[in-house]
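Throughout, protein chains are lettered first and strands after them, A, B, ... in sequence-line order, and every chain is numbered starting at 1.
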Number of protein chains: 4
Amino acid sequence: MRTRILDAALKLFEDKGFDGTAVPEIARRAGIATGSIYRHFPSKDALVNALYREWKLRYSETVLTPPPESATPREVFGHYWRGMAAFAQRHPIAARFLDLHHHRAYLDKESKTAERKTHDLAAQFVAQGVAAGVVRPIDPMLLVALMTGAMRGLIQFAGDGELVLDQATTAAAEDCIWNAIKA
Amino acid sequence: MRTRILDAALKLFEDKGFDGTAVPEIARRAGIATGSIYRHFPSKDALVNALYREWKLRYSETVLTPPPESATPREVFGHYWRGMAAFAQRHPIAARFLDLHHHRAYLDKESKTAERKTHDLAAQFVAQGVAAGVVRPIDPMLLVALMTGAMRGLIQFAGDGELVLDQATTAAAEDCIWNAIKA
Amino acid sequence: MRTRILDAALKLFEDKGFDGTAVPEIARRAGIATGSIYRHFPSKDALVNALYREWKLRYSETVLTPPPESATPREVFGHYWRGMAAFAQRHPIAARFLDLHHHRAYLDKESKTAERKTHDLAAQFVAQGVAAGVVRPIDPMLLVALMTGAMRGLIQFAGDGELVLDQATTAAAEDCIWNAIKA
Amino acid sequence: MRTRILDAALKLFEDKGFDGTAVPEIARRAGIATGSIYRHFPSKDALVNALYREWKLRYSETVLTPPPESATPREVFGHYWRGMAAFAQRHPIAARFLDLHHHRAYLDKESKTAERKTHDLAAQFVAQGVAAGVVRPIDPMLLVALMTGAMRGLIQFAGDGELVLDQATTAAAEDCIWNAIKA
DNA sequence: CATGAATGAGTATTCATTCAT
DNA sequence: CATGAATGAATACTCATTCAT
């Protein structure tokens, strides 16, 4: 039941935005009564936040797995890149939802903190790559912006049907972006 | 007057979204009466669409200027990249607004067409680069996705204050992304 | 069980009014499940009515006991007055509940009839006192209004903590009000 | 407009209680649209509080006029008593509204303070009467409870149609209650 | 019989839009 | 043209009542 609500909300929030989605609409799509939503979530705000955190967690579990100890920076990059692509491929709507909503006023502090963690991890990877001399020695945040932005571009184009996120495309993109950041 | 309305709407739509912004709020920020909005725009929907098109036009004028005839593909790329960066630097809120809203249901066909044009132009540039043997011979759409995505990453990080979009940063990013797409 | 429900409802209705009290709230205070209320009462309306009648009955049993045959009108008056005061002292919440709710739309005919009986009895006592020449020869309803009103004033002030309804206070009030109605 | 809303609310709150009255119902009775209520009052709570204070003020203006300097305690009593009766006669619904609602949870502090003032004034009058040796030397609050209670009894019976609050009735009641409290 | 999740009609409140001034 | 009060449909949320367990 809770899952059905979250699934309905995910689709609708991604499609029409938070404020553009009416609670009864979520209920209808979930196949339940309007009032039942409030048995599971105290408010619409609480619902988006729960949704956001749920998917951010799943995202972390998919993407932020530690790479093999022996991996070279290039391999570490590939590891994370393929993780992100795999997530976007398996959960395209969730990927777009996380992308579009990560800043909105209705997200509370805890939800926003989750976003930060990802950035910090990426910045850390870049810093290590720079130290190892295999990544361009420039502001790590810039490289993070370019990498995550490129991935978001992929997700968006895939969502719009202008691109298919298959193995080959993902691999080609990985190679391109590695070229962008390598020393 | 029309300009003040559009300015107020731009800031609010970017900040709180279309559905999250009330018309009287726009009026208040514009320093006029609620009803006056409707002297200039027949509806809230018409207002966003006008706003979107207005900025898309300015964007085109800034970014889509033809590069010098004699420019090499690398120079053409730099020409467009710097154009986009300059726009984002001068109009950060508008850049984010265009980025976030380009898909929303309240945008009508004409507004959405504007977006497509940019993509097509980019794809065309990529195709020419490929033909000239200086750009990677892969799906042009993929490269467009990576380029525009990377630029959006820049814009977003700049908006969040994690990055400053100055000359140096822009130039470094340009170099990175050229490496990503060059043959 | 039924008693626990009625006790919970009494307190809440007195405190927050009928419409201001939610059924689940009554259940919580009674320590049972919401649905269980409906095993004992077909509806919220039926519950107030049962509550009202229950207490009106207890009130009648406490207050409307026949005075000794040989009692003088003064003694009869004292008998009833002390009965009312005793009830208010022992059941302050019920006294206030009966006082505040005796007219509400959700009370059905039978409940309202109970109220009437008390008035009629009082009016009858007054009439007899008038006939005996010891009570002021004016509209009995006026005297009833003053007497019952005075008693309600006592109950209210006691409930608000501005007065303590002890033996002495009750006796003093009795003497005052007898002076008010005596010939 | 504001007045029409307050008038409609007065009648409905008195009749069905605060929680028993729906905002659209108030609007309908006032002959305006539901939303218009909120142009004049920020919330339903604010509306009752405004209503309560408005009438408490009028009540004070009618009832709490200073008696003639030279008035004896008996005359002072009559002055106030007739003031209250006149108010109840002219504004029977308001009188009942003030009576029934003076304690409810939705009234804020300022509204409740108004009630206290009346009591204090009455207690002060009683104390002076006691000092002059013409009022019973007992707890002034008790006498206040009896007086105001008796008046409320009158108002209630009048409202229920069991009594008519004319000159004669008011005068008779005044005499009765003076007998109740005089030394 | 007790339970409490589910229901959906009903509530307070907001907001895009209109229109008399 | 500008105004902002008035409108009423739409929204988030509540609550009396039901019913499968």
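Under the rule for a side chain to side chain donor-acceptor pair (under 3.5 Å), B/H91 has no partner lying at least two apart in sequence or in another chain. For the side-chain contact (heavy atoms from CB on, under 4.5 Å) test, residues two or more places apart in sequence or in another chain that qualify with A/A33 are A/S36. B/R4 is linked by a salt bridge (charged side-chain N to carboxylate O under 4.0 Å, His left out) to nothing, counting only residues two or more places apart in sequence or in another chain. Remark: A/I93 engages A/L10, A/K11, A/E14 in a side-chain contact (heavy atoms from CB on, under 4.5 Å) (not counting sequence neighbours). Shown here are the salt bridge (charged side-chain N to carboxylate O under 4.0 Å, His left out) partners of C/D7, two or more places apart in sequence or in another chain: there are none.
Here the C1' atom of nucleotide F/dT11 and the CG atom of A/L12 are 15 Å apart, to the nearest Å. If you take CZ of B/F41 and P of F/dA2, they are 12 Å apart, rounded to a whole angstrom. Rounding to whole angstrom units, CD of residue C/E25 and P of F/dT14 are separated by 13 Å. Look at CE on B/M1: it is 6 Å from P on F/dA2, rounded to the nearest Å. If you measure from atom CZ of C/R2 to atom C1' of E/dA2, you get 17 Å, rounded to the nearest angstrom. Atom-to-atom, CZ of B/F13 to C1' of E/dA16 comes out at 12 Å; the value is rounded to the nearest Å.
Helical stems in DNA chain F, defined as runs of 3 or more consecutive Watson-Crick or G-U wobble pairs with donor-acceptor distances under 3.5 Å: E:2-21 with F:2-21.
A salt bridge (Lys or Arg N to Asp or Glu O under 4.0 Å) check over residues 19-47 of chain B, counting only residues at least two apart or in different chains, returns the pairs B/K16-B/E25. Legend: ring-ring contact (aromatic ring centres under 6.0 Å, His included) pairs involving residues 11-39 of chain B, not counting sequence neighbours, sorted by first then second residue: B/F13-B/F18, B/F18-B/Y106.
The pair B/D160-B/R96 counts as a salt bridge, with a side-chain nitrogen and a carboxylate oxygen less than 4.0 angstrom apart.
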Taking N or O atoms only and anything under 3.5 Å, show me the protein contacts with nucleotides 15-17 of chain F, one pair per line.
residue: F/dA16; atom: OP1; partner: C/T21; partner atom: O; Å: 3.4
residue: F/dA16; atom: OP1; partner: C/K44; partner atom: NZ; Å: 3.0
residue: F/dA16; atom: OP2; partner: C/V23; partner atom: N; Å: 2.5
residue: F/dT17; atom: OP2; partner: C/Y38; partner atom: OH; Å: 3.0
residue: F/dT17; atom: OP2; partner: C/K44; partner atom: N; Å: 2.9

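Within the 4.0 angstrom heavy-atom criterion, no nucleotide atom of any strand lies near B/I37.
In terms of position along DNA chain E, the nucleotide closest to C/G31 lies nearer the 5' end than the nucleotide closest to the other residue of the pair A/I32 and C/G31.
Listed pair C/H40 / E/dA2 meets the phosphate criterion, a side-chain N or O lying under 4.0 Å from OP1 or OP2.
Between the CG atom in A/N49 and the NZ atom in A/K56 there is a gap of 13.0 Å [rounded to 0.5 Å].
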